[in-house]
Q: 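Submitted below is the structure of interest, expressed as structure tokens.
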Amino acid sequence: MAKEEITPSEWQIMEVLWASDMPLTSSEVYKRMQGNVDMSMRMVRVLMNRLNQKDILGYTVDEHDSRVYHYYVLRQKEECVKEKSRKFVDSYFSGSGTNAMAALLQSFALTDEQIKELEEILEKSKGQNAESSDKKE
């Protein structure tokens, strides 16, 4: 199936699963979300099923009760964030990462520590670009 975008409600469910070090049932996800999100148990189940159909979640059937599914992550948060970021840049900045970064940087006041962190990311990116151009030659 083609990679489909994760909706904001699905993202909330994924946050719970990404934070867990083991598979969770829909009931366990619902309990961990209570108080943070206004979502019914039925909606949690529906959204988890959609995430499974999008190949973002997988599941195993409980060995003691075939009505219980244990869901686990198929796609890590970093991969989903990168994909969402690319789609955002494509949608709002005609694919220009430079324009997107400029707009974001101009929207926030950054601390010296944040600027240093961004400089490190840019240096790392320069290194990756040099490696990929070496491979092409």
Side-chain angles (χ1 to χ4, degrees):
M1 177 179 273
K3 289 185 179 180
E4 293 183 45
E5 195 164 342
I6 300 173
T7 67
S9 296
E10 291 168 343
W11 196 276
Q12 292 173 321
I13 288 169
M14 289 306 299
E15 288 287 356
V16 171
L17 287 154
W18 284 321
S20 176
D21 57 353
M22 58 188 212
L24 299 174
T25 65
S26 56
S27 296
E28 291 168 331
V29 170
Y30 177 73
K31 286 177 188 167
R32 292 181 186 201
M33 291 176 68
Q34 278 186 318
N36 298 329
V37 189
D38 186 25
M39 198 180 298
S40 70
M41 180 65 217
R42 178 170 158 57
M43 181 54 71
V44 169
R45 277 195 220 106
V46 167
L47 293 173
M48 290 179 77
N49 184 47
R50 286 185 192 161
L51 287 163
N52 174 254
Q53 291 171 354
K54 293 178 181 183
D55 293 326
I56 297 167
L57 288 182
Y59 67 86
T60 56
V61 178
D62 190 279
E63 60 187 49
H64 303 293
D65 186 346
S66 62
R67 298 170 298 170
V68 177
Y69 293 4
H70 298 270
Y71 290 89
Y72 56 89
V73 173
L74 292 175
R75 292 181 38 213
Q76 295 303 314
K77 184 175 184 176
E78 295 75 21
E79 178 187 353
C80 294
V81 167
K82 282 181 183 179
E83 184 179 327
K84 201 164 195 60
S85 298
R86 277 191 295 275
K87 287 183 180 185
F88 175 77
V89 170
D90 289 345
S91 295
Y92 295 98
F93 298 95
S94 303
S96 171
T98 303
N99 290 345
M101 291 303 302
L104 289 170
L105 289 171
Q106 292 168 0
S107 300
F108 300 99
L110 300 173
T111 65
D112 288 340
E113 185 178 319
Q114 291 169 325
I115 292 169
K116 186 173 190 259
E117 187 177 342
L118 288 171
E119 288 170 342
E120 290 170 4
I121 291 168
L122 287 171
E123 285 302 315
K124 184 178 176 183
S125 179
K126 283 181 191 177
Q128 289 173 344
N129 288 340
E131 285 177 19
S132 64
S133 62
D134 288 345
K135 290 178 185 176
K136 290 178 185 176
E137 292 176 0

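Just so it is clear, the values below take in all heavy atoms, side chains as well, and ignore hydrogens, waters and symmetry mates.
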Q: Taking atom CD of E117 as the centre, report whether more than 12 heavy atoms of other residues, nucleotides or ligands fall under 6.0 Å from it.
A: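 Atom CD in E117 is not crowded, with 12 or fewer foreign heavy atoms closer than 6.0 Å.
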Q: Once you round to the nearest 0.5 Å, how far does CE of M39 lie from CD of Q12?
A: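 Those atoms lie 4.5 Å apart.
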Q: Would you give the length of the straight line joining atom NE2 of H70 to atom OG of S26, rounded to the nearest 0.5 angstrom?
A: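 If we round to the nearest 0.5 Å, H70:NE2 and S26:OG are 10.0 Å apart.
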Q: What pairs of donor and acceptor atoms, side-chain ones from residues 92-107 against any protein atom, are under 3.5 angstrom apart with sequence neighbours left out?
A:
unit_1 : atom_1 : unit_2 : atom_2 : d
S96    : OG     : N99    : N      : 3.1
S96    : OG     : N99    : ND2    : 3.3
S107   : OG     : A103   : O      : 2.7

Q: Tell me, do K77 and E15 make a side-chain contact under 4.5 Å, heavy atoms counted?
A: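 SC-SC contact between K77 and E15 confirmed.
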Q: Going by salt bridge (Lys or Arg N to Asp or Glu O under 4.0 Å), name the residues that satisfy it together with R67, two or more places apart in sequence or in a different chain.
A: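 R67 satisfies salt bridge (Lys or Arg N to Asp or Glu O under 4.0 Å) with D65 only.
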Q: Using 0.5 Å steps for rounding, measure from the OG1 atom of T7 to the CZ atom of R50.
A: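 If we round to the nearest 0.5 Å, T7:OG1 and R50:CZ are 7.5 Å apart.
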Q: State the CE-CE distance between M41 and M33, to the nearest 0.5 angstrom.
A: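 Here the rounded value is 10.0 Å.
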Q: Treat each ILVMFWY residue as a node, draw an edge where side-chain heavy atoms are under 4.5 Å apart, and state whether I6 and V89 are in one component.
A: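 Per the 4.5 Å side-chain linkage, I6 and V89 are not co-clustered.
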Q: What about V81 and I13, same hydrophobic cluster or not, with Ile/Leu/Val/Met/Phe/Trp/Tyr joined at side-chain heavy-atom distances under 4.5 Å?
A: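 Same cluster.
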Q: Minimum heavy-atom separation for K54 and E5, please, with both atom names.
A: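 Heavy atoms of K54 and E5 come nearest at NZ-O, 2.9 Å.
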Q: Can a donor-acceptor pair be found, under 3.5 Å and without considering hydrogens, that links the side chain of S125 to the backbone of I121?
A: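 Side chain of S125 to backbone of I121: no pair is present.
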Q: I'd like to know whether R86 forms a salt bridge (Lys or Arg N to Asp or Glu O under 4.0 Å) with E83, so could you lay out the CA-CA distance, the side-chain angles of the two residues, the decisive distance to 0.1 Å, and finally the verdict.
A: CA-CA 5 Å; R86 277 191 295 275; E83 184 179 327; 5.5 Å; no
Q: Is it the case that more than 12 heavy atoms not belonging to E113 sit under 6.0 Å from its CD atom?
A: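 Counting neighbours around CD of E113, 12 or fewer heavy atoms of other residues, nucleotides or ligands fall under 6.0 Å, so no.
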Q: Stepwise, does the side chain to side chain contact (heavy atoms under 4.5 Å, CB included) test hold for I56 with Y71?
A: CA-CA 10 Å; I56 297 167; Y71 290 89; over 6 Å; no
Q: More than 12 heavy atoms of other residues, nucleotides or ligands under 6.0 Å from CD of E120: is that the case?
A: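 Enclosed.
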Q: Between K116 and E119, does any NZ, NE, NH1 or NH2 come within less than 4.0 Å of an OD or OE carboxylate oxygen?
A: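 Not counted as a salt bridge, because no side-chain N and carboxylate O are separated by less than 4.0 Å.
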Q: List the steps, then state whether side chain to side chain contact (heavy atoms under 4.5 Å, CB included) holds for S20 with E28.
A: CA-CA 11 Å; S20 176; E28 291 168 331; over 6 Å; no
Q: Tell me, please, which residues at least two apart from S66 pass side-chain contact (heavy atoms from CB on, under 4.5 Å).
A: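 Partners of S66 by the side-chain contact (heavy atoms from CB on, under 4.5 Å) criterion, ordered by chain and then number, come out as V61.
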Q: What's the spacing between L24 CG and K31 NZ if we round to 0.5 Å?
A: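 Answer for the CG-NZ pair, L24 versus K31, is 11.0 Å.
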Q: Could you go through M48 and L17, starting from their C-alpha distance and side-chain angles, then the distance that decides it, and tell me whether this counts as side chain to side chain contact (heavy atoms under 4.5 Å, CB included)?
A: CA-CA 10 Å; M48 290 179 77; L17 287 154; 4.2 Å; yes
Q: Of all the heavy-atom pairs spanning V68 and T25, show the shortest one and how long it is.
A: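 Looks like CG1-CG2, 3.6 Å.
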Q: Kindly indicate, with the supporting measurements, whether the criterion side chain to side chain contact (heavy atoms under 4.5 Å, CB included) is fulfilled by D55 and R75.
A: CA-CA 8 Å; D55 293 326; R75 292 181 38 213; 5.7 Å; no
Q: Testing the basics here: between C80 and W18, what is the closest heavy-atom pair and its distance to 0.1 Å?
A: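 Residues C80 and W18, closest heavy atoms: SG-CZ2, 3.8 Å.
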Q: Can you check whether Y59 reaches N52 side chain to side chain, under 4.5 Å on heavy atoms?
A: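 Y59 vs N52: side chains touch.
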Q: What's the separation between atom CG in L110 and atom CG in D112, rounded to the nearest 0.5 Å?
A: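 Reported value, rounded in 0.5 Å steps: 9.5 Å.
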